[in-house]
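Everything below concerns the one structure shown next.
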Amino acid sequence: MSVVQHIRSAAVTAIKSLYNQDIALADIAINVTKPEFEGEYTIVVFTFTKFSRQKPEETGQTIGNYLVTNFPDLVAGFNVVKGFLNLSINNAYWIQYLQTNFNNAHSGRKPANGKKVMVEYSSPNTNKPLHLGHLRNNFLGYSIAEILKAAGYEVIKANLVNDRGIHICKSMLAWQLFAHGDTPESTGIKGDHLVGDYYVKFETLLKEQAEPIIARILENDFRDFGGAELEKVEKLAALLHKPEIQQDEEKAGKLHDDIKEIARNKTEIMQQAKIMLQQWEAGNPEVRALWSTMNGWVYDGFETTYKRLGIDFDKVYYESETYLLGKDLVEDGLRKGVLFRKEDNSVWIDLTADGLDEKLLLRGDGTSVYMTQDLGTARLKYQDFQMQQSIYVVADEQNYHFKVLKLILEKLEEPAAEGVYHLSYGMVELPAGRMKSREGTVVDADDLTEEMVNTAAEQTKASGKLQDLSEEELQRLYEIIGLGGMKFFLLRVDPKKRMIFNPKDSIDLNGFTGAFVQYAHARIKSIFREVGITDVSHLDTYRHNDSLLPLEKELIKLNEQFGEILDDAQREMSPAIIANYAFHLAQTFNSFYAEKVEGHYTYSIARAESEDKQKLRLQIISMTAHTIAQSMKLLGIDVPERM
RNA sequence: GGACCGGUAGCUCAGCUGGAUAGAGCAGCUGCCUUCUAAGCAGCAGGCCAUUGGUUCGAAUCCAAUCCGGUUCACCA
């Protein structure tokens, strides 16, 4: 039980006893006491005046007295300022906490709660390498999974690989046309990048072929089209030429995009890609063989990237194996009357009663759409694991999709429905705006990683420290710092907010960064080396007296909060809460470490004023190192012994 | 147009289940390395918490409206 919970429950007892009033634990507002006042935690008593029938100050005094008298082990003293009851927690309480946790490497972790949860994340397309946006997804998914584990859940990390579809056919087609048999081996290019290069080639060619078609449309030359398409294009072109539309930039832009899309679909190369997709679906052996080969290259590339990033999965699903699954569900839905069929044979669900639209689930030709696949996959996952919760780490542009997905599953009475949770995160943008593959502003994941590690290497060399380490050890350290910096940078922001990725800030190793927290850890380890201790377990039986200096107490208090922080992070699904906490803890340790009065370190350990103080501080920094390491682990970040 | 999300220091972000004088980091300016790692510490400066109204003893936090930015509303995924 945490201090805050202790205070809550004591306050409830006090109020019951003093005012004969039943009050819920959650209704007691407790804050960390502001630094300018005496005490560590503060109870807000304004709300109690309703039944105390006293002024806030008197109410505070009364409750304070009660707590000191009846809970002396917890509350050693108090002061009241307006309606704020500032409590001084008994040092014995802190010492007791320190004593039991100073060498506990898992202090905040909760026991298993018997619940199972799946976290699906990463879920890449196999036509190009990972980029910055994927990194946020991967780090978030990994971290949330770790946080849930620490909170007592059994976690299945899942990856749903989008390994089929028109986008892969594009890469395949361009490879056939231009590669002359090139492979990752023959070119020395990482597989996912090689395949991505041909995707870009395809897009370039597509653009070239679409341009004359667009130009003709704009000149009212519709020779490329016939039938229903012709009608549509004529209509769009006529609209676009209207003067009032031309003045409306937004509308004109949208029309232009529509025309562009039609033209792109009309290109020869796009037609070929579509034919290839049909061949793939028909199981054409040649197409399937190329598909397997190129996907294989991509998987090798991804494997390398995942490994370097420290990302892993317990279960991998492939869309090529799941994309047909939703059809059974649709059949069930039709039987139950939840879905209906239109004249053209397409199948729909009517969500207008829920304030949404009608949603298509099967095309007229019987093929399924994205939603249908997701419905089927949701059922499959549930059959595989029977988890209570299924978390989808997917960008916020798909909020609507997941809202609908959950709703349809509910209407179909699928048991999987209840657990569906969309962990929606905001886009990563560059200072100049959104990343655009067409404009080549996409930040490649491998490149960025390399840059971060290089920066870490430069900074380490520039510091002139660690010259006795081997090249291997140094390389390992650069990875820890570089990757840690990258992960911390992407995780320190609330997931649901979109974030700006400023490359200059991201490689910084000062301030609110991963390196800052890692550095605090390395400093602690250096103290242990200085004192000549590698193991603190000999302090197990040591019992300190009850005097504590301000930052000694502050550090114990912060460490003690870790359990509550973990609860918050789990409830809010936010690694950012952990990152902020870890930084705050590291910052406080640094103050503790560096405070100096008249040339003497206040909290010196190697040259402590007494053996007693030395042992106490060793316990404190040992606990702090554990908590820092644990927090960072929840973010997927390692901490070094030296840096 | 409907729905959803956001707007806090020059910049990037905390704080949002209502509580004290709104906090960090970066950038700027002062100091601090013969003493456990200066990737650090101490300090200065920087704010109409988008606007307006409401609820309340008390609002950055809750409610309503407005303004600005984003996403989405495909027989794409």
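Proteins come first, then strands; the chains are lettered A, B, ... in the order of their sequence lines, and each starts at number 1. Both backbone and side-chain heavy atoms feed into the values below; hydrogens, waters and symmetry mates do not.
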Rounded to whole Å, the CG-P distance (A:Asp505 to B:rC26) equals 10 Å
Atom OH of A:Tyr593 and atom P of B:rC36 are separated, to the nearest Å, by 7 Å
From the list A:Arg492, A:Lys496, A:Lys497, side chain to side chain donor-acceptor pair (under 3.5 Å) partner of A:Asp494 resolves to A:Lys496
Within the pair A:Gln587 and B:rG25, is there a side-chain N or O less than 4.0 Å away from OP1 or OP2?
yes
Separation between OG (A:Ser424) and CG (A:Leu140), nearest 0.5 Å, reads 10.0 Å
In whole angstroms, the gap separating P of B:rG18 from CZ of A:Phe46 amounts to 15 Å
Rounded to the nearest 0.5 angstrom, the CG-CD distance for A:Asn162 and A:Gln373 is 7.5 Å
Re B:rC41: Watson-Crick or G-U wobble partner, both distances kept under 3.5 Å, found to be B:rG31
B:rC16 versus B:rU8 - spacing of their C1' atoms, nearest Å:
11 Å
Judged by whether its glycosidic angle lies within 90° of 0, B:rC33 is syn
_Distance between P atoms of B:rA20 and B:rG53 (Å, rounded)_ = 23 Å
- request: Please state the C1' separation for the pair B:rC26 and B:rA39 - nearest whole angstrom.
  value: 15 Å
Report task. Report yes if a side-chain nitrogen or oxygen of A:Lys596 is closer than 4.0 Å to either non-bridging phosphate oxygen (OP1 or OP2) of B:rC41; otherwise report no. Result -> no
Separation of B:rC76 atom P from A:Leu277 atom CG, nearest Å, is 11 Å
Ranking B:rC75, B:rC36, B:rA3 by distance to the side chain of A:Leu360, first place goes to B:rC75
Next item on the list: Using the C1' atom as the reference point in each nucleotide, state the distance between B:rG54 and B:rU12 in Å, no decimals.
Entry: 33 Å
Would you say B:rA77 has OP1 or OP2 under 4.0 Å from some side-chain N or O of A:Tyr370? no
* Please confirm whether any donor atom in the side chain of A:Asn510 sits under 3.5 Å from an acceptor in the base of B:rA27, or the reverse. => no
Residue pair A:Glu595/A:Phe583 against RNA chain B: nearer the 5' end by closest nucleotide is A:Phe583
Comparing A:Val493 with A:Ser604, nearest RNA chain B nucleotide closer to 5' gives the residue A:Val493
A:Asp568 atom CG is separated from B:rA14 atom C1', nearest whole Å, by 13 Å
Heavy atoms of A:Ser622 and A:Val536 approach each other most closely as OG-CG2, 3.6 Å
- Can you tell me how far C1' in B:rU61 sits from the matching atom in B:rG7, rounded to whole Å? 14 Å
Practice item. Would you check if there is a donor-acceptor pair between the side chains of A:Glu554 and A:Thr588 at a distance under 3.5 Å? Key: no
A:Ile30 atom CD1 is separated from B:rU17 atom C1', nearest whole Å, by 14 Å
On a plain distance test, is the side chain of A:Lys34 in donor-acceptor contact with the base of B:rU21 below 3.5 Å? no
Scanning both residues in full, the closest heavy-atom pair of A:Lys274 with A:Asn265 reads NZ-OD1, 3.1 Å
*asked:* Please tell me if A:Arg523 has a side-chain N or O lying less than 4.0 Å from either OP1 or OP2 of B:rA38.
replied: yes
- Task: Could you tell me whether the phosphate oxygens of B:rC57, OP1 or OP2, come under 4.0 Å of any side-chain nitrogen or oxygen in A:Thr49?
- Result: no
Quiz prompt | Test log, rule salt bridge (Lys or Arg N to Asp or Glu O under 4.0 Å), inputs A:Arg264 and A:Glu203 | solution = CA-CA 10 Å; A:Arg264 284 163 61 89; A:Glu203 288 293 332; 3.2 Å; yes
Taken to the nearest whole Å, CZ/A:Phe488 to C1'/B:rA24 is 11 Å
| request: Determine the interatomic distance between C1' on B:rA24 and the same-named atom on B:rU56; round to the nearest Å. | output: 30 Å
- prompt: Could a donor-acceptor pair under 3.5 angstrom be found where the side chain of A:Ser463 meets the base of B:rA38?
  reply: no
Checklist line | Expected output: side-chain A:Asp354 to main-chain A:Leu356 donor-acceptor under 3.5 Å | finding: no
- Query: When rounded to the nearest Å, what value does the distance between C1' atoms of B:rG25 and B:rC41 take?
  - Reply: 15 Å
*asked:* Looking at A:Lys497, I'd like to know whether one of its side-chain N or O atoms comes within less than 4.0 Å of OP1 or OP2 on B:rG7.
replied: yes
In Watson-Crick or G-U wobble terms, with both distances under 3.5 Å, the base opposite B:rU66 is B:rA50
Checklist entry - Is it true that a side-chain atom of A:Tyr41 and a backbone atom of A:Ile7 form a donor plus acceptor pair closer than 3.5 Å? => result no
- Please state whether the base of B:rA20 and the side chain of A:Thr42 form at least one donor-acceptor pair under 3.5 Å? yes
Ring centres within less than 5.5 Å and planes less than 30° apart: is that true of A:Phe516 and B:rA39 in this structure?
no
Write down the protein N/O and nucleotide N/O pairs, taken from nucleotides 67-73 of chain B, whose separation is under 3.5 Å; answer none if there are no such pairs.
{"unit_1": "B:rU71", "atom_1": "OP1", "unit_2": "A:Arg434", "atom_2": "NH1", "d": "3.0"}
{"unit_1": "B:rC73", "atom_1": "O2'", "unit_2": "A:Asp357", "atom_2": "OD2", "d": "2.6"}

**Q.** B:rG47 versus B:rG23 - spacing of their C1' atoms, nearest Å
**A.** 12 Å
Scanning both residues in full, the closest heavy-atom pair of A:Ser143 with A:Leu491 reads CB-CD1, 4.1 Å
Separation of B:rG40 atom C1' from A:Lys525 atom NZ, nearest Å, is 20 Å
Any strand, both distances under 3.5 Å, Watson-Crick or G-U wobble: B:rG1 pairs with B:rC73
